[in-house]
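Written below as structure tokens is the structure these notes are about.
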Amino acid sequence: MSTALVTDLAIFVLALLVGVEVIGKVPATLHTPLMSAANSIHGIILAGAMLIGVTAGAWSATCWRSSPRSSRRPTSSAGTS
């Protein structure tokens with residue numbers, strides 16, 4: 001195992017333990033409002049990611065079709081003198 005993998009696994013395990021500890025200390029009365037806020041933030045992030053994905057796909061397709069390179073045929077140096 002490489003040192004980078006061991007470091008990444010150690011950080012993951014520590015983050016997991018800290019997350020469980022923090023979530024376990026949240027009172028039941030705060031759980032619903034916190035989850036509501038987290039869900040709304042995740043919804044905004046998802047909508048933004050889909051918007052970026054759609055516009056990036058349209059942009060790359062447009063650029064690929066309008067590129068002057070795409071209309072040229074590839075040239076081969078084989079057989080030339």
Side-chain angles (χ1 to χ4, degrees):
M1 291 176 71
S2 69
T3 56
L5 179 62
V6 171
T7 303
D8 290 344
L9 285 174
I11 291 171
F12 177 74
V13 169
L14 288 173
L16 182 72
L17 293 174
V18 169
V20 167
E21 209 43 48
V22 168
I23 290 173
K25 294 183 189 260
V26 172
T29 55
L30 287 178
H31 184 266
T32 301
L34 287 175
M35 287 306 297
S36 175
N39 285 339
S40 65
I41 290 169
H42 289 122
I44 292 168
I45 291 171
L46 181 62
M50 290 191 313
L51 181 64
I52 289 171
V54 166
T55 57
W59 179 79
S60 64
T62 303
C63 289
W64 179 256
R65 277 187 243 122
S66 64
S67 173
R69 291 184 188 164
S70 63
S71 61
R72 291 189 217 149
R73 290 187 177 161
T75 57
S76 173
S77 61
T80 58
S81 46

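Computed from a predicted structure; not experimentally measured.
Residue pairs meeting the salt bridge (charged side-chain N to carboxylate O under 4.0 Å, His left out) criterion with at least one member in residues 19-28, sequence neighbours excluded, are E21-K25. For residues 2-15, the set of pairs meeting the salt bridge (charged side-chain N to carboxylate O under 4.0 Å, His left out) definition, not counting sequence neighbours, is empty. Identified under the salt bridge (charged side-chain N to carboxylate O under 4.0 Å, His left out) test for residues 34-53, with sequence neighbours left out: none.
Pairing each heavy atom of T7 with each of T3, the nearest pair is OG1-O, 2.8 Å.
Side-chain heavy-atom separations under 4.5 angstrom define the hydrophobic clusters, and the remaining members of the one that includes I45 are I41. With side-chain heavy atoms closer than 4.5 Å counting as contact, directly or through intermediates, I44 stands alone and belongs to no larger hydrophobic cluster. Counting side-chain heavy-atom gaps under 4.5 Å among Ile, Leu, Val, Met, Phe, Trp and Tyr, the cluster of V18 also holds V22.
For the atom pair M35 CE and S40 OG, the distance stands at 10.5 Å (nearest 0.5 Å). Within the model, atoms CG of L51 and CG of L46 stand 11.5 Å from one another, a figure rounded to the nearest 0.5 Å.
No continuous path of ILVMFWY side-chain contacts below 4.5 Å connects V20 to L17, so the two sit in separate hydrophobic clusters.
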